[in-house]
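One structure is given here, and the rest of the page talks about it.
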Amino acid sequence: MNIFSSFDTLTKTNSFAKLPTDFYTRLPTTPLDQPRLVHASSVVAELIGLSSDALNTQAFLDVVSGTTAMPGGETLAAVYSGHQFGVWAGQLGDGRAHLLGEIQGPTGTFELQLKGAGMTPYSRMGDGRAVLRSSVREYLASHAMQGLGIPTTRALALVAARNPVMRETVETAAVVARMAPSFVRFGSFEHWAARKRPELLRTLADYVIDRFYPECRQNNSAATTAEYEPYVQLLRSVVQRTATLMADWQVVGFCHGVMNTDNMSILGLTLDYGPYGFMDGFDAKHICNHTDSGGRYAWHAQPAVAHWNLYQLANSLYEIVPDAAPLKAALDEFEPAFLAAMQTRMSQKLGLGAWQAGDETLIDDLWSLMQASHADFTLTFRQLAYAPGLTQAPEQRVEFDLGATVNAHLKPFVDLFIDPSAAQAWLARYRTRLGTQALENWQARVQGMLAVNPLYVLRNHIAQQAIEAAQQGDFDEIERQMILLADPYAAQPGQEAYAAAPLAGAPHLEVSCSS
Ligand code: AMP
Ligand code: MG
């Protein structure tokens with residue numbers, strides 16, 4: 001594997017820039033005032049074949065801050081449209097994002113995009129900038145999701161600058177350099193359907209299929225050989241990926257906050273981190289985005305919203321697929337795919353092994369129990385592995401969690417609930433259920449549960465610590481959190497505070513669309 005020490009030597013493929021110019025506007029970034037590297041990820045750099053030495057160079061900072069163009073790249077802003085909060089919003093586009101180009105990495109291509117590097121023809125009322133607060137949140141969240149094993153755009157670097165940026169108060173500017181195989185969204189398709197430009201819609205669909213879903217051309221599962229068949233298969237594939245992504249989000253208590261169709265990745269990646277949140281106390285109707293007063297994007301609503309968004313994608317594809325029936329059939333695959341993915345994940349989270357009759361009720365009753373107490377989402381599942389009677393002896397549990405001390409600092413499972421007797425009653429049923437499974441070896445079950453139930457998630461109050469430190473010019477907290485979030489399943493002695501729920505009575509942090 002070749003590793004290079006600068007952007008110059010990386011191979012640029014720039015495939016998006018080879019599409020017709022209808023899809024974007026070429027334009028340079030607008031440099032920031034005294035940009036400073038806050039953090040760069042050597043793990044992400046490796047994906048494009050960039051060495052960790054490269055991250056400390058001025059040439060790297062110049063590119064990821066938008067001071068100079070990426071050598072060999074083609075800087076552009078893409079156009080797209082979308083539905084925002086269920087309403088057709090018309091043209092949106094990269095209002096503060098610049099695609100610098102596409103790089104051939106050791107294992108695949110990645111596009112490099114800057115968020116916050118200046119205005120574009122799609123900025124509308126916006127200033128083309130992003131603030132340090134929201135950029136730290138996007139940077140950390142991208143790494144947190146990767147650590148959890150959830151498909152996401154990646155974050156290469158975070159840059160801070162002196163430029164004042166007006167939001168509710170005056171803040172300072174920042175740029176996130178992020179990467180993904182593609183930033184094409186559902187809204188990229190909606191754009192050309194709304195414009196009645198089927199030829200451009202087909203060009204975009206062909207581009208996405210050729211690069212990311214070549215199997216859609218194999219026509220293997222379809223009874224038809226119609227020339228539009230690949231577009232039906234594309235929808236089917238996106239339905240599958242989106243359904244599993246929703247299950248991934250649901251089982252860690254992740255709320256995206258702004259599931260508009262322009263924030264839905266055609267690759268099934270978590271895209272555009274704004275007012276997202278990992279739940280603390282469980283509430284199925286939890287709304288993480290202060291601006292979403294109606295709760296359209298509440299936790300429990302996310303799968304249905306994803307399905308609705310897929311309908312918009314299907315509606316767009318209807319411009320090039322003259323038969324609605326196969327599109328409808330593809331959409332109907334969402335619910336079973338989502339439920340199957342949830343079943344797999346919940347079975348792993350509870351260490352149930354093979355699915356049995358009654359498991360659904362057992363799990364539903366756990367959600368109800370959590371709801372009644374607003375029990376901490378993350379700790380409920382994490383501590384379940386250690387519930388009394390489920391492990392043989394307290395001293396043995398130490399082996400499975402380096403952080404015996406970590407555990408000692410956290411409330412045991414039953415104490416996470418207001419009514420411990422209800423929790424005990426549920427536990428008794430759970431014990432009975434485990435008793436019926438062939439897993440004689442409880443150690444394997446405990447280990448399995450700890451491997452899928454994270455101890456550390458990027459809770460809002462944790463991210464806030466990194467933001468406040470960064471705003472004071474101290475970037476060490478970001479590094480500390482990155483280390484924990486890279487492996488959120490492994491307890492780290494001495495890091496108890498990062499696993500704990502926010503203190504009762506701590507001021508509620510409001511997170512809005514302002515970014
Ligand atoms: P979001 O809700 O962040 O996904 O953004 C929705 C749309 O608004 C996209 O077209 C963004 O590019 C655009 N946008 C958001 N904030 C800004 C900003 N500060 N300047 C320019 N465009 C923005
Ligand atoms: Mg967006």
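Start at 1 with the first residue, then count along the sequence. Atoms within each ligand, like the ligands themselves, are counted from 1 in listed order.
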Legend entry - Contact residues of ligand 1 (heavy atom under 4.0 Å), by chain and number: Tyr80, Gln84, Leu92, Gly93, Asp94, Gly95, Arg96, Ser123, Arg124, Gly126, Asp127, Gly128, Arg129, Arg167, Asp262, Asn263, Asp272
Inset, instruction - Anything under 30° is parallel, anything over 60° is perpendicular, the rest tilted; go ahead and classify Phe85 against Tyr297. - result: tilted
Inset, instruction - Could you label the plane-to-plane angle of the Tyr273 and Phe254 rings as parallel, tilted or perpendicular, counting under 30° as parallel and over 60° as perpendicular? - result: perpendicular
Inset, instruction - With sequence neighbours excluded, tell me which residues meet salt bridge (Lys or Arg N to Asp or Glu O under 4.0 Å) with Glu138. - result: Lys115, Arg178
Inset, instruction - Tell me, please, which residues at least two apart from Lys285 pass salt bridge (Lys or Arg N to Asp or Glu O under 4.0 Å). - result: none
Inset, instruction - Side-chain contact test, heavy atoms from C-beta onward, threshold under 4.5 Å: evaluate it for Asp210 versus Arg217 and give yes or no. - result: yes
Inset, instruction - Check for a donor-acceptor pair, side chain of Thr11 on one end and backbone N or O of Gln104 on the other, with a separation under 3.5 Å. - result: no
Inset, instruction - Provide the tally of protein N/O/S atoms nearer than 2.8 Å to the Mg ion (ligand 2). - result: 2
Legend entry - NZ/NE/NH1/NH2 to OD/OE distance under 4.0 Å, Glu111 and Arg154: no
Inset, instruction - Could you verify whether a donor N or O on one side chain and an acceptor N or O on the other, from Gln472 and Glu468, lie under 3.5 Å apart? - result: no
Inset, instruction - Kindly confirm or rule out a cation-pi arrangement of Arg137 over Tyr276, judged by NZ or CZ under 6.0 Å from the six-membered ring centre and within 45° of its axis? - result: yes
